[in-house]
Visitor: 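Before I ask anything, here is the structure I am working with.
Naming convention: chains lettered A, B, ... in sequence-line order (proteins, then strands); numbering from 1 in each chain. Computed from a predicted structure; not experimentally measured.
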Amino acid sequence: MRILKKTLLVSASYLMGLAMLTGCGQTNSSETEKIIKEAEKMTYAELVERAKEEVGDNTVQTYGNSSQLENALIAFSEQTGIKVTNTKKGDAETYSELGESFSGGRYVADMVLLQDGNKLQNEMLSQGYIKNFIPKDQKANIAADDQNPLAAVYLNKVFMYNNTDFTGDNAETAKVNAKTHYLTNVWQLAGTDKDPGHIANTSFKTPSNENVNMNFLVMLTSDEWVGKLTTAYKAYYGLDYAKESKYQNIGYKWIAEFLTNSQAHDSDGTACKNVAKGNGGTMALVNLNKNKDLKDSGVGKESKANLTYPAMEEGDNLKGFGGFCYKMYAMVADNAKYPYAACAIINYLLSAEGFGDAWGAKDGYYSANTTAPIASTDKPISWWKERLVIEDPAYVSAHYKDVFEFVQQYEGK
Amino acid sequence: MNNIASLNKEKIKIIFNHKHALIDNKASLNKSEKTLTPFKKKLNLLGAYFSKPSNIILVIFAIILTLTVVIPLIYLLLNTFLIHTGEASLGKIGSLTFNHWFEVLFKSKYNYSISVFYKPLLNSVLMSIISCIISITVGGGIAYLITRTDFPCKKFVSLVFVFPYIMPSWSIAMFWENLFKNSIYLEGAKAQVGLLQSLTGLSVPGGLVYGLWPCAICLGIHYAPFAYILIGGILRNMDANLEEAATILGASRFKILRKVTLPIVLPALISTILLVFASSISSYTVPMFLGNGFMTISLKMKALFNSSVLVGSGYVVATILMIFSVSILLINQKVTNSRRSFVTVTGKSSQVSLVKIKTPIKVIITTIVMFYTIFFAIIPLISFALESLLKTSGDFSTFTTYYWTTTEQTNPYISGSVGIFHNKTIWRTFLNSLLISGACALIAGTFGILIGYAVAKSRGKKLSNYVSNMAFLPYLIPAMSFSTIYLAISTSKPFGFLYRSIPLLIIVGAIKFLPFASRSGTNAMLQLSNEIEEASIIVGVPWWKRMVKILFPIQKSSFISGYLLPFISCMRELSLFVLLTSSGTLLTAVLANYETYDSTQISNGINLIIIVAVLIINLVTNKLTGASIDKGVGG
Amino acid sequence: MPEIILENVTKRWGKFVGVDNLNLFIDDHSFITLLGPSGCGKTTTLRMIAGLETPTSGKITIDGVVVFDSEAGINISPAKRNVGFLFQNYALWPHMTVYQNIAFGLENLKWKKEDIKARVNELLKMLKIEEFVSRYPSELSGGQQQRVAIARTLAPNPKVLFMDEPLSNLDAKLRLEMRTELKRLHNDTNSTFVYVTHDQLEAMTLATKVCLIDKGILQQYDPPLEVYAKPHNLFVADFVGNPTMNFIEAQAKQIDKKHIEVEFANTKAIFLCNDEITLEKSEVILGVRPEFIQIDNEHGLDGEVYSSLPSGMETIVRIKLNDIILTSVVFGIIDYKVNTNVKINFVNQHIVLFDKESQVRLTNGEIIINKNLKEDN
């Protein structure tokens, strides 16, 4: 018994010590930073050469949230002969794994491609686990606020609705494009069904499980969006918004009502498909890029033609916003084994060619490099930025906890 | 260290003194024995204690289990007091605080504690209670029908009834959703035409497709086999005379059920409730598929862990869930140890006179049972097979073997996503899953036998109770929490070598499923009388030989069942392993990947492969060794 | 009149016949024992009368009421047959106290609470288990449990009481005690008892009539002493009596209606029958009870002591007579040395003559020995 007690005590105190070490600083910080400073002066060809020397016959490790990344990596490997392996996991799992690994000093990745600027800042950057690298070749074409931290690609989640009058019965008699101007004011998504043009059951991925969604909600409480929501409110109800005690500001009000009205799901892709083949008037707030999975096949089936995007349809007449957009950041791991290779890959991804290999010419993907191509049916990111909510990591970080706690009341019944 | 050294010195001194005395004078032998020091006495006692193999095993496993079970729990508890990265607003990262507990239990701003803890907990408890009731009614009812009445098709039902347990719980949920979703009563993007609507035109209300009741029903069906095995076990072994005596004394059949059968079956009922409740309340995948807004404590826990700012709350919720489960375990112990011992006096094996059900009722009952069994055991398999063969899911006019045979990429998101037969990833990970599950089963099963042996031999002693309880505890820890803890351990410096390694998976799997093995091992050993082993001890057979050549062969079927159940559980387990491995190691992870990217055909195909493989192995093991899931659960 | 009538009762499982065309008339107030080796069908018969087992065919009547008739399709449930059943392993409900166990049947009959209490106390007193009233069965010894079981069975005053080897789980001393108790109970309660056992001593001492069954077929149904003295066949003769009867194979030749010449073990003798018989076959078996072989030091056949087992009250001596070994029982405190020569005599008129082939008893009689053939030569 005594032996047992002793073991317990020792192990417990050991673990306690371990736990407290979590969050301690890193070693070798200056080395990778030095290499990056060098790499930022090199062209792509030079980077590739240094990388080949560095990697030799080994394999570079990347962690990437995006499923398209692997296509680019394959192209990169073919081009340069450097072997790359990517690990792709869900958002939360990626952060969790990386966080645990980096804090333990373990090498798991050379380059990481992560979304959610808030988490990036709080869990990775502030701890010094990842370092920023700006590729020389594309620097001129990247906007200043996309350079640090470096954004590789923009994605957007927009409102989309089924524009047929299909009601689940006869697909033949339902017409395509029967609904127009379905959503003109974001307050249609809030309120109750007594309100004119009320839209219920918008598909929206559970914010607690999807960080970028949560960040979007947080942003709605910021001054800029509170202003836009107030204007939209006046346009919709014809009254000025009178402050209510239960909501800190109108942003909270919209969040509460929207979440109450919306329908949670766990897969944006499935939701997009369901909207396309569902009844007329079904609405969702999901990634625009999911429409590439739709196979054209008529009314009551998954067809791109069945979808209309209010942001595009209404343009500036849409009161409020058409959705939100967020970035995927490409960073070099501080304890990377092959930092030059990481830099080479980042350079490649930011180039028009590399972007094209990965995400090129598809709806819903936009490079930070403004010379990279977009889909013909799409609008450039600069256009979207004027009509969508963009995450501001500083604001999100400061207000995340409060909004997260606020949102818990409205998730689930 | 010093103690042992000085002990040795004392030992030598004593022995020297003793020998000296012997050489001196035989008569003074008595005198020197009286000068036995307490040290020597303790040594003698220790020696005697460790000469029994069961004691050695107990001590070894007490240490192993403390390390692999208790310490992670302490870690869990500890984290409810720590400030984590991301919670810097509360204070210095790494320091202690009561804040998390306070917030979860009492915070009223934004109705925090209600929406984060009380409401989901209530939902989960409600769901678990209903699923308990369902599984006991269904499982217990069928157990009664098969052991006590002249119900026909007994063999078929008892064979097939276990299938829903072998299937992963989310496949039943998936099946339910695919069957009942409809475009009439559901709203928004969820209004899709399901099987029932497309085949018959009938649609069920939304509350039957998603929400509390579908979740509870699916869980109840998934765990009904537990109830069937445990309750059936007692019914089978129960002395039929007990019921006959009541019949002779004039009791109606219903009265007998109420006053005689049920009270005797009570320990099994409580064990079932323990297992089913603990599993249901921590179920994640079923409410995820069928919840549609129904918030359970497991879903909330995952959300809290996801957020970087409320991780502490997540740990608190996990700990409270643990406490819940542990209390049920203690209640279970208390009831089965009561003075109304349910061990019946054994005499001659008595003939069981089966209750004859009147014909019209018999037809109704048979139809209902057969319908139920086929519906939930066979039809899901068929539906998985079908879905993998349809080009457009749900559309029966598009039959094709494309997704099984093609060499083209079927999904742009997943590299190497060719048809199943050619898909190297699938077969490689299938082999991995088999091997890893096999290794887990091997370890869990062997540990289970050893623990069962030691616990049965030292029944009632404190150490034995400790080991027995610790061996069961992993069952009550939700898989998610378990893997989170081990992820943290495997990324810490001293244990870094475990990170993402196969040994880590095997350790985690073996410990998590050890409870089944230790239960069946203990039950098997308790059935053996001591004399069997004593006969071989007298002749001088060493311990390992006794285990291998005598004890194991006699209780072979029970022991092998202790291997079988961990194997099956591992094969279909996902949430336990998902954090600890890349998506390219285990088949279930590959399945989840295909599922995320909407490759319904291939994911259904993989589902089918997993289930069929497990079924075949189960059947083969059954035929060859007599081992079965029944005995594995302790029935 | 709680009499029980079995007519042509058969129980078959597939091809195996457990009870074969049994006909039995049990008088009211009698104490019947069903006796036979394991697997002979006695428990099955008992359970069929009680209703716990359904016969394949036949008719059973209890107290004038037809409780089972395969042709008429009648099968009254055991709950309604107003019988009592005492199980071999008592079948006490482990989750109920002694009081609750005994009171159960009365509650089912909807007795008033005070009446139940009175009756239970009466039984507790009768069986001397008052101090255990609040205990659970697992806290009682075997004998105590058995008495509780008896109390439970007797509580509703059943007209017929069935007992399935109730004493087999008790130690020897307790068994003897309980035998007496049961016989007295039978007297006091005035019911019909049907008792199954494989212990022939028990059957003999308790019953008013013994029913012997072998392989599902009725062998004999007579009062104990008649079964003992006049066994119908070899099976019965062998089964009843301890030590078992000596069976001596002999060649027989009929001299006249009452005299038969028999030859066995180099000995010629005359068998004087009690009744007149006609001997059909020449191969016979003489059944001699051990107590009918007397050891004499002076007159008689020459024999050699093979073994001697003194038990104080009696001594069992095995004697070698030429090429056969006979068992004899001698009363008294006496012992014999092995291999000593003794002289033996056959006494008493209850020597049984069996036909060897059919194994059936022909008659009883006396053995009169001429002289040892050996002495002649």
Side-chain angles (χ1 to χ4, degrees), chain B residues 148-150 231 234-235 237-271 334-359 361 459-460, chain C residues 13 18 38-39 43-44 47-48 50-54 75 77-97 100-111 135-140 142 145-146 149 152-153 155-156 158 160-162 164-166 168-169:
Chain B
R148 278 278 187 272
T149 69
D150 61 344
I231 299 177
I234 287 214
L235 282 178
N237 294 330
M238 187 171 112
D239 192 352
N241 285 349
L242 293 173
E243 288 172 343
E244 286 174 347
T247 312
I248 296 262
L249 285 165
S252 68
R253 208 177 299 159
F254 187 62
K255 192 157 194 195
I256 296 176
L257 204 66
R258 200 165 47 93
K259 288 211 141 192
V260 176
T261 323
L262 269 177
I264 293 186
V265 163
L266 202 62
L269 275 176
I270 296 188
S271 291
K334 191 149 182 267
V335 169
T336 49
N337 284 343
S338 74
R339 123 186 128 118
R340 296 151 60 177
S341 161
F342 290 85
V343 176
T344 51
V345 177
T346 53
K348 257 183 357 186
S349 63
S350 41
Q351 306 142 301
V352 179
S353 60
L354 301 171
V355 170
K356 290 190 188 7
I357 322 173
K358 294 196 197 79
T359 317
I361 304 180
R459 207 158 187 226
Chain C
W13 289 284
S38 295
T43 302
T44 312
R47 287 167 65 87
M48 285 196 288
L52 297 170
E53 206 81 57
T54 310
N75 188 5
S77 97
K80 303 207 171 56
R81 293 194 189 192
N82 192 17
V83 297
F85 200 106
L86 188 62
F87 293 87
Q88 182 185 5
N89 51 13
Y90 322 136
L92 293 176
W93 298 304
H95 58 289
M96 297 189 198
T97 60
Q100 288 165 332
N101 264 283
I102 301 175
F104 188 82
L106 305 175
E107 286 163 3
N108 285 337
L109 292 170
K110 312 265 195 294
W111 280 30
R135 291 225 202 147
Y136 286 95
S138 60
E139 299 167 319
L140 302 171
Q145 285 184 9
Q146 210 247 15
R152 180 177 74 177
T153 318
V160 184
L161 192 53
F162 296 112
D164 187 0
E165 305 200 46
S168 58
N169 286 342

Visitor: Between Arg47(C) and Asp164(C), is there a donor-acceptor pair closer than 3.5 Å when you use the side chain of the first and the backbone of the second?
Guide: no
Visitor: Tell me, for Arg81(C) versus chain B, whether the close heavy atoms (under 4.5 Å) come from the side chain, the backbone, both or neither.
Guide: neither
Visitor: Does Gln145(C) reach the main-chain N or O of Pro137(C) with its side chain, forming a donor-acceptor pair under 3.5 Å?
Guide: yes
Visitor: Using only atom types and a distance under 3.5 Å, with no angle test, would you say the side chain of Asn101(C) pairs donor to acceptor with the backbone of Leu92(C)?
Guide: no
Visitor: Just by modelled atom types, is the Leu52(C) backbone N or O under 3.5 Å from a matching donor or acceptor in the Glu244(B) side chain?
Guide: no
Visitor: Taking 4.5 Å as the heavy-atom cut-off, does anything in residues 252-260 of chain B contact chain C, and if so which residues?
Guide: Lys255(B), Lys259(B), Val260(B)
Visitor: With rounding to the nearest 0.5 angstrom, report the CG to CG distance, Leu249(B) to Asn108(C).
Guide: 7.0 Å
Visitor: Against chain B, work out which of Gly142(C), Ala91(C), Ser168(C), Ala50(C) has the most heavy-atom pairs shorter than 4.5 Å and name it.
Guide: Ala91(C)
Visitor: With a 4.5 Å cut-off on heavy-atom pairs, point out which of Ala155(C), Gly105(C), Ala149(C) contacts chain B the most.
Guide: Gly105(C)
Visitor: Residues two or more places apart in sequence or in another chain: which of them pass ring pair (Phe, Tyr, Trp, His ring centres under 6.0 Å) with Phe104(C)?
Guide: Trp93(C)
Visitor: Using 0.5 Å steps for rounding, measure from the CG atom of Asn89(C) to the CD atom of Glu165(C).
Guide: 11.0 Å
